[in-house]
Q: 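Before anything else, here's the structure in question.
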Number of protein chains: 2
Amino acid sequence: MANRRASITDLAKQLNLSPSTISRALADHEDVSEATKARVRDLAAALNYQPNQLAAGLRRGRSKMLGVLVPHIIGNFFPQVVHGIATEANLSGFNVMIFQSNEDEVQERKNIELLLNAQVEGILVSVSKSTKSFGHFETLRNNTVPLVFFDRSIEGIEGKSVGAVVLDDYQGAYEVVEHLVAQGCTRIAHFTGGLHLNIHRNRHRGYLDALRAHGLPTDEELTVLCEMSLEGGIQGMQKLLALPQPPDAVFSSIDVAAVGALQVLKHAHIRVPQDVALVGFSNEQFTSFTDPSITSVDQHCELMGRTAVRLLLELIADDPEQPPVQHNIVLKPKLLVRESSLRQPDNSAS
Amino acid sequence: MANRRASITDLAKQLNLSPSTISRALADHEDVSEATKARVRDLAAALNYQPNQLAAGLRRGRSKMLGVLVPHIIGNFFPQVVHGIATEANLSGFNVMIFQSNEDEVQERKNIELLLNAQVEGILVSVSKSTKSFGHFETLRNNTVPLVFFDRSIEGIEGKSVGAVVLDDYQGAYEVVEHLVAQGCTRIAHFTGGLHLNIHRNRHRGYLDALRAHGLPTDEELTVLCEMSLEGGIQGMQKLLALPQPPDAVFSSIDVAAVGALQVLKHAHIRVPQDVALVGFSNEQFTSFTDPSITSVDQHCELMGRTAVRLLLELIADDPEQPPVQHNIVLKPKLLVRESSLRQPDNSAS
DNA sequence: CTGAAAGCGCTAACAA
DNA sequence: TTGTTAGCGCTTTCAG
C-alpha cells in the first residue's frame, strides 16, 4: 500500500489527463464531461485523495480560515460564543483558528500576528482585560483583514472593515434595576469590575441612570469595585454589610460575585430575597442551581458568536452591490427573574 | 501607503538581495552576516512584513497546525480541555484548529476529512456519543497523521501513531464508593449514562466492584440509566425514591444529574447527606455553589488537554533515538469531598 | 556569505 | 471538452 498522500498530479498521471481537468472535475466544474468526472471521482476515492487546502489557499489567496482571539476558553460565556462562532463559520465552509490572550496585552498582540501569518481572512476579537493601547488593532485596519469585536469592544476604531457585536449592557443593567425597584427595593448596591472594560462601564451607567430615573440614592459607597470572583463577591458583600445603612438589593456585574454575596448573606442569616434581593449578570449555569436560584441577565452567547461571524463574512465579501452592512450590532439582553429577587411569589401574570 | 502585503520577493528586490538570503536572514540562519540580517529585519519591520505560513507550510510539508475534534465546546469539561490543548500547542509553536461533531457520527467523519484537508500534523479527538463504527479512525491510522484520543476513547485501535489520554474512571468511581461506605452508607445507587461510552462503562464497573469488595448489595434496580441532564437526575431520583427499599446514597456519573437528585430530595424534605448522601462526577463549577455543595471527582481537564498535546507531539516527532513513548496515558482522578456526602463534619484530620 | 533554480499542490487565464 | 503554462510565497539544495 502506497502511503504518501495522493495529489492532483498523481491522479492526472494515472488517468492520462491534465491537472487542470482533474481540478475542474473535482470542483464539479460544468465544462467537464460527466464521464471524466466519474472516472476522476472514482480514482480519487480509491486513492483516498484529500485536497490540500494549504496549496489551494495559497494559490487562490483565500485561506478559508477565520481567526478567533479570546481572553480564554473557560467559564460559561466564551466557550459558548466560540461554539456559536465555530458552528456558524463551518456552515459557510470556513475553518476556525483559536488563540487565547490570557487577558494579556502582549500575548494579544503576538496572537494577532500569528493569525495574520496563518493568512486568516478575518479576525474575531474579544479584547483582553489588560489591554490599554490599541496599536495592534489599528495596524490591522490598514491590513485588508476585516475585524469584528465581540462583547468586549473598544471605541474609536472605525473603518469600513471593522465591526462589533455587543450586548446592550446598559439596557440590561437598567432593566435589572427597574425589576428590583418593582420588587420594592429602595437602596440598591452594585458590584462592578474595572471600568475600562466597556461591559462594566455600560452596566454601571445603566445602573446609575435607572436609579436616578426612579429618584433612588446613588451614593458612591453603594458601588463597590471588586474582583470578579467568588472571593471578590464575598468581600464586596462584607463591605456593604458594614455600611451604616446597608442596601436592600445587590446587582452584581458578574454572576460568580453574586454567589459570593449570597454565601455571606446566608451565613449572616439575612434572607434572600426578603431582606436583600440579589441579581447577577451573564446567566451562568450555576445561577439556576444555587438556593435560592439567582436572577440574572442572559447574553445570548451563542447568538453573539453567530452574529459576529455573519458580520465578519459580510465584511470579507465586501460586495459593492449589496447595501452597506451595519457595522455595530447591539443585541438585546434578556432578564431572567429567579428566586433571589422575587419577593412576590405569584407574579407571573403581571 | 501601499496596501498589499509585503513578500520575501518584495524585500529581496528592495534590498538587492536574493529571496534565499532574505529567507535565511529572517530565520536567523547562522551564515548570514549580521549586517545583512539587520538590514533585512529593519525593512521587514518598516513594511510590516508578515511571513505566510500557508506558503511555508506547503513548501516544508509541515503546517504547524493541530486539529481538535470535540463533541462540542459547551459545559465545563470540553472548554477546559480545549483550553489546555490550545495553551500547550501554542507553547510549541503549533496552531490549533477546532471542529465540533455535535455528538454526531456523520459530522465527526466529515470533520476528520476537513482536518486532513487543512493539512494538520496531528489530530486530537474525543469521540462523539453516537459513534458506533470507527472506519474513519482506521483510515487515519494508515494516513501518516498521528491521532490521540482524549477522555472518550475507543478500544481496538492500535498503532504506533495512535495514543490515548483518559481518566481512570474506574478508580474514580471506586474511590467514591469507598468514601460513601466510610460515611456509613450501605445501600448505594448509581446514575449511569449510555454504557457504550467508555467513561460510563468504567465508572459503572468501579462502582460495582467497590460494592462487592465491601459486601454491599448490587441490585440491578440500584443502577438507573438516565439522561445525563438535570431532568434526567430528577426522574432518576424519583424512580429511586419509589423503590420499596430506597438507597441511602446516590453516586451520579454526571454532576448535573446529581443536582436534579438534590432538588428532588430537598423537595421531599429528605436531608442530604444525613438521609441520603450524594456524589457527582466531573467537578463542575456549580457543585461548589449548590446548598449543600456536592462531592465530586475532579478530572484534571486542563492537564488532560496538555498531556494529550504532549503525547501527540511525540508521536509526530517519532524520534527513533528516543525511547518509545507510552501510548496510553491514564490520569488519576481526585475525589473532592464536599457537604453532600460528609456525615462526620470534623473529618479533616483523618 | 550569497545567489540561482526548482518545486511544494493547486488554480486560472488562455489556447487548442 | 481538455491541455498548456505560469505562478501563489516560501524553502532548500547546490553552486558560486
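The figures here come from the full heavy-atom set of this structure, side chains too, leaving out hydrogens, waters and symmetry mates.
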Q: Between A:Glu34 and A:Arg41, does any NZ, NE, NH1 or NH2 come within less than 4.0 Å of an OD or OE carboxylate oxygen?
A: yes
Q: Look at all strands and tell whether B:Ser23 reaches a base, only sugar-phosphate, or nothing, counting heavy atoms closer than 4.0 Å.
A: base
Q: Quick one: list whatever passes ring-ring contact (aromatic ring centres under 6.0 Å, His included) with B:His72, sequence neighbours left out.
A: B:Phe78
Q: Between the protein and nucleotides 13-16 of chain C, which nitrogen or oxygen pairs are less than 3.5 angstrom apart?
A:
none

Q: Would you kindly compare B:Val32 and A:Thr9 by the position of their nearest DNA chain C nucleotide and give the one closer to the 5′ end?
A: B:Val32
Q: Above 12 or not: heavy atoms from other molecules or residues under 6.0 Å from NZ of A:Lys64?
A: yes
Q: If you look at every strand shown and take non-hydrogen atoms under 4.0 Å, does A:Leu54 touch a base, only sugar-phosphate, or nothing?
A: nothing
Q: Only one of A:Val165, A:Leu312, A:Val148, A:Ile85 passes side chain to side chain contact (heavy atoms under 4.5 Å, CB included) with A:Thr307; say which it is.
A: A:Val165
Q: Check this one for me: any side-chain N or O of A:Ser18 less than 4.0 Å away from OP1 or OP2 of D:dG3?
A: yes
Q: On DNA chain C, compare the nucleotides closest to B:Thr21 and A:Tyr49; which residue's is nearer the 5' end?
A: B:Thr21
Q: Taking the side chain of B:Ile8 as its heavy atoms from C-beta onward, which of D:dT1, C:dT11, D:dC10 lies nearest to it?
A: D:dC10
Q: Could you tell me how far apart A:Arg60 (CZ) and C:dT11 (P) are, to the nearest whole angstrom?
A: 5 Å
Q: Can you tell me how far apart CG (A:Leu58) and CZ (B:Arg59) are? Round to the nearest 0.5 Å.
A: 12.5 Å
Q: Using a 4.0 Å heavy-atom cut-off, does A:Asn52 contact any base of the nucleic acid, only the sugar-phosphate backbone, or nothing at all?
A: sugar-phosphate
Q: Pick base, sugar-phosphate or nothing for B:Leu58, based on heavy-atom distances below 4.0 Å to the nucleic acid.
A: base
Q: Going by heavy atoms in the side chains, are B:Tyr49 and B:Pro51 under 4.5 Å from each other?
A: yes
Q: Is the closest basic N to carboxylate O distance between A:Glu113 and A:Arg109 below 4.0 Å?
A: no
Q: In terms of side-chain geometry, is the basic nitrogen of B:Lys132 or B:Glu105 positioned less than 4.0 Å from the acidic oxygen of its partner?
A: no
Q: For C:dC8 and A:Ser7 - does any side-chain N or O of the residue sit under 4.0 Å from the phosphate oxygens OP1/OP2?
A: no
Q: Only one of B:Val127, B:Leu124, B:Ile123 forms a side chain to side chain contact (heavy atoms under 4.5 Å, CB included) with B:Phe149, so which one is it?
A: B:Val127
Q: Starting at NZ of A:Lys13 and ending at C1' of C:dG9, how long is that distance when rounded to a whole Å?
A: 12 Å
Q: Rounded to whole Å, please give me the gap between NZ in A:Lys64 and C1' in C:dT11.
A: 15 Å
Q: Could you check whether B:Asn117 gets within reach of a base, just the sugar-phosphate, or nothing at all, counting any heavy atom under 4.0 Å?
A: nothing
Q: Of the options D:dC8, D:dT11, D:dG9, whose atoms approach the side-chain atoms of B:Ala55 most closely?
A: D:dG9
Q: Nearest whole angstrom, please: distance from the C1' of C:dC8 to the CZ of A:Arg5.
A: 13 Å
Q: Grab the CD-P distance between B:Glu30 and C:dT2 for me, whole Å please.
A: 13 Å
Q: Can you tell me which stems DNA chain D forms when a stem means 3 or more consecutive Watson-Crick or G-U pairs under 3.5 Å?
A: C:1-16 with D:1-16
Q: Measure NZ/A:Lys37 against P/D:dT1 and give the value in whole Å, please.
A: 9 Å
Q: Given atom CD1 of B:Ile22 and atom C1' of C:dC1, what is their separation to the nearest angstrom?
A: 14 Å
Q: What is the separation between atom CG on A:Leu17 and atom P on C:dT11, rounded to the nearest whole Å?
A: 16 Å
Q: What's the spacing between B:Lys37 NZ and B:Arg24 CZ if we round to 0.5 Å?
A: 11.5 Å
